[in-house]
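Working notes for the structure below.
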Amino acid sequence: MKRTHSCGALRASDINQSVVLFGWVQNRRDHGELIFIDLRDRDGLTQIVFDPNVNKEAHALAEQMRSEWVIGVQGKVRSRGMQWNKKENKEVSATNPNLATGEIEVVVSDATVFNRSETPPFQISEHVTASEELRLEHRYLDLRRSNLQATLITRSKMNALTREYMVKQGFLELETPYMGKYTPGGARNFLVPSRLNPGKFYALAESPQLYKQLFMVAGFDRYYQIVKCFRDEDLRLDRQPEFTQIDVEMSFVSQDDVFGIIEGLIKKLWGEILKVDVPTPFRRMDFYESMEKYGNDKPDLRFGLEHVVLTDLIKAQGAAAGVPMMEEAVEKGGIVKAMCIPAQYPLSRAESDKLEEYVKGMGAGGLARAKVGETGEWTQSPLAKTINPTLRQAINAKCGAKPGDLLLFQFGREAQVHTIMANLRVHVAKKLKLIPEYGSGGVWNFLWVVNPPLFEFDEETKTWAAAHHAFTRPHDDCVQYLETDPGKVKCWRYDVVLNGFEIGGGSIRLHDPEVQGRVFKALGIGEKEAKEKFGFLLDALKFGAPPHGGIALGMDRLAMLLSNAESLRDVIPFPKTQKGTDLMTCAPGDVDEKQLRDLSVKSTVAPK
RNA sequence: GGGGAGUUAGUUCAGCUGGUUAGAACGUCGGCCUGUCACGCCGAAGGUCAGGGGUUCAAGUCCCCUACUCCUCGCCA
């Protein structure tokens, strides 16, 4: 027997053809005489019928068949249009409109069993939801489910479309090493001990960042790569220790050129995969605006509930404000933020108490609330009695609060207030069903977040640190502040955001050695240290480096959003758990003493 | 490292303020059935209540520890 069709191929136009199908038994419906089996492969389902009047042996074999057996059948394609129904004593339509092949069935004249199957630990079905733990343990079975197959097929399409697009735009696909030199700063690296160089280690690349800049120095002009990256940080819903980037770098370009290329790519991916027309250019938002209104640099713009910063209002009232906790926060250099939940989305006392629990989980002291009354007075709030009425009206006005609205407040350390309010905003939006729990809801709000600061002040070490990396080009009109006021220096860094997910980020690089030296100085990195850490790149920049810049898109996140998946794990064939383990292979695993000796490595963990 | 949720039949879950034999659905196995399509009907088997310790006359249920899974803060330039 040789397979003639896939299980998703046959249509009414194939009726009367003799065909051979191979596949897995999805489902068996035994009527004593007739036996129906849904035969499955990655292309779809086809109903096959065993009739003892057609072939007794095949029918007997079908009585034995069970879920997930791998079989082959030969037979004739027959219409399911009108079939004799004994119960009703007349011909009745038996088509299945839920199936692409529902117009037809294959009457089996010959059948072979290629392999039997044990009863699987969970049913291979879209209807049954086994726990993720069990599914990961038997990932090869989970991957038989059609929705997981669909996401991986979508990924494959993304790869093909990306390559097609990038090649057409004149990009070269160039490879970079995974095993490189450890560079401090940034994400924690996975280390690989070197057997040939005892005591020394490679680091797995957290991104091809430095290499792709060297490609520009070498004159390749336009580089891209679909590449694995490795980061040894804690996992999240949208973070895996190994993940894939669409990595891009270009010479002689401005920020707008990079945006144009990426907008074109996303337009193509969304257009061809989802048949959705994404309008370009994308909206742009200043980093500071994003922090102020949304509390982070990856705002979900599918809904409102914008934050309002009240710090200045409270400062202006001085000692007369009547909100001692907020005043104290402001005095200590912190900020005060509010969020207004409109009256049309009423929250019960129990619900708003739950919100308080939620923010406390993020380290908040509590969640101050105030219900706005008919004349702008506050009720149901500990602030109501003491607050200066002028301040209260000013806050109402600034928040656009109307009678019946609920105001939520956070105050304290700036970074923490932003984080808590950012998470609270999304949390509330989901609760109020302004956005779905996961997935786009059919709304695709792309956004560039631009002009962030080059440096961040590290509260712990009391020093300035690179907000992204030390090779980002500052705005020309900010270079003057490098020495005097580093916090004021904005740079050519950009993130592309979709529905609250950072799907990519990049920058225009710093190719001027003079400014580079000043940036290092601001970071407290001496010449010697810079040479040790980034020597090869700094050397390379001395030999005629073109102005260049680039970006990297998170391929897994794109795939997750494109296929409305709940988690990154659903678009990665073999993902890891939150502790970075693989439940199927049990990686990471033990190695024996000899292997360690060969690598000149000693474990400090006592053997069990 | 911190906070939260969870772990009961092969699977998904229920199991109240501690109380006699731990239930349901799906799956599995057996029987019946020529038009089903998540077929239907009848019957059966199936449990270390995650592991360990404690409180109690009595623990799936209360307490402590450990493991694992998920969400999250920190972290991810």
Side-chain angles (χ1 to χ4, degrees), chain A residues 26-38 45-54 59 66-67 78 80 82-99 101-102 105 118-138 183-189 206-207 209 229-241 243 354 357-364 415-416 419-420 422-423 426-427 437 452 454-456 458 460 465-472 493 502 505 507 523 554 566-567 569 577-579 581 583:
Chain A
Q26 172 68 38
N27 195 352
R28 190 180 64 116
R29 297 177 293 277
D30 185 345
H31 288 244
E33 291 247 331
L34 287 185
I35 296 174
F36 300 95
I37 282 179
D38 291 332
L45 290 174
T46 300
Q47 173 165 287
I48 59 179
V49 194
F50 295 81
D51 186 336
N53 302 315
V54 174
H59 182 268
R66 292 295 182 270
S67 288
R78 180 164 78 184
R80 286 170 71 172
M82 296 304 276
Q83 296 292 333
W84 183 253
N85 188 313
K86 202 179 181 183
K87 276 180 223 157
E88 301 193 23
N89 201 26
K90 63 175 185 187
E91 289 203 330
V92 170
S93 172
T95 56
N96 184 347
N98 300 322
L99 231 50
T101 61
E105 64 191 1
E118 289 184 15
T119 302
F122 54 91
Q123 289 166 262
I124 316 298
S125 159
E126 307 315 310
H127 307 289
V128 178
T129 43
S131 73
E132 195 172 15
E133 199 175 345
L134 191 74
R135 288 166 43 206
L136 287 175
E137 197 181 325
H138 303 275
T183 50
R188 202 176 285 119
N189 291 104
E206 62 187 70
S207 83
Q209 182 60 41
C229 301
F230 306 88
R231 294 181 189 174
D232 188 6
E233 295 293 343
D234 283 11
L235 280 65
R236 286 285 190 285
L237 181 82
D238 60 348
R239 271 162 34 189
Q240 282 274 308
F243 60 98
K354 264 192 181 163
E357 287 307 307
Y358 174 75
V359 298
K360 277 181 173 171
M362 287 183 289
Q416 193 184 24
T419 301
I420 291 167
N423 288 318
V426 175
H427 185 79
E437 197 59 39
L454 182 59
F455 303 106
E456 265 168 9
D458 187 328
E460 269 181 37
H468 296 285
H469 63 69
F471 306 103
T472 302
R493 157 86 203 183
E502 182 197 319
S507 63
L523 290 169
E566 260 180 88
S567 122
R569 294 183 294 274
T577 67
Q578 200 167 40
K579 278 190 77 186
T581 64
L583 295 177

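Scope of the values below: all heavy atoms of this structure, side chains included, with no hydrogens, waters or symmetry mates. Proteins come first, then strands; the chains are lettered A, B, ... in the order of their sequence lines, and each starts at number 1.
- Using a 4.0 Å heavy-atom distance criterion, Ser567(A) is classed as making no nucleic acid contact.
- In this structure, the nucleotide among U28(B), C75(B), U36(B) sitting nearest to the side chain of Thr119(A) is U28(B).
- Nucleotides G18(B) and U55(B) place their C1' atoms 12 Å apart, quoted to the nearest Å.
- G46(B) and A9(B): their P atoms are spaced 15 Å apart (whole Å).
- A50(B) sits 38 Å from C37(B) when the P atoms are compared, rounded to a whole Å.
- Between Asp234(A) and Arg239(A) there is no salt bridge, since none of the side-chain N atoms of the basic residue sits less than 4.0 Å from a carboxylate O of the acidic one.
- The side chain of Gln578(A) contributes an N or O atom lying less than 4.0 Å from OP1 or OP2 of C71(B).
- Of the candidate nucleotides C70(B), C73(B), G35(B), C70(B) has the atom lying nearest to any side-chain atom of Thr577(A).
- Atom name C1', nucleotides U12(B) and G74(B): the rounded distance is 35 Å, in whole Å.
- Stacking between Phe122(A) and the base of U11(B) is absent under the criterion of ring centres within 5.5 Å and planes under 30 degrees.
- Nearest to the side chain of Glu105(A), among C37(B), U36(B), U34(B), sits U36(B).
- Not one N or O on the side chain of Arg493(A) forms a donor-acceptor pair closer than 3.5 Å with the backbone of Leu454(A).
- Looking at the side chain of Arg569(A), the nearest of the listed nucleotides G35(B), U11(B), C71(B) is C71(B).
- Using a 4.0 Å heavy-atom cutoff across all strands shown, Asn98(A) reaches no nucleic acid atom at all.
- Distance from the side chain of Leu34(A) is smallest to U34(B) among U34(B), U36(B), C75(B).
- Looking at the side chain of Arg66(A), the nearest of the listed nucleotides C29(B), G1(B), C76(B) is C29(B).
- Comparing G74(B), C71(B), U34(B) against the side chain of Thr419(A) picks out G74(B) as the nearest.
- Rounded to a whole angstrom, the distance from the P atom of C62(B) to that of C29(B) is 37 Å.
- On a pure distance criterion of 3.5 Å, a polar donor-acceptor pair joins the side chain of Arg80(A) and the base of U36(B).
- Rounded to whole Å, the P atom of U8(B) lies 10 Å from the corresponding atom of A14(B).
- The gap from the P atom of A24(B) to that of C42(B) amounts to 14 Å, rounded to the nearest Å.
- For Glu132(A), the listed nucleotide lying nearest its side chain is C70(B); candidates were C70(B), C71(B), G74(B).
- With C68(B), G1(B), U12(B) as the choices, the nucleotide that has an atom nearest any side-chain atom of Ser131(A) turns out to be U12(B).
- Among U11(B), U34(B), U36(B), the nucleotide with an atom closest to any side-chain atom of Glu33(A) is U34(B).
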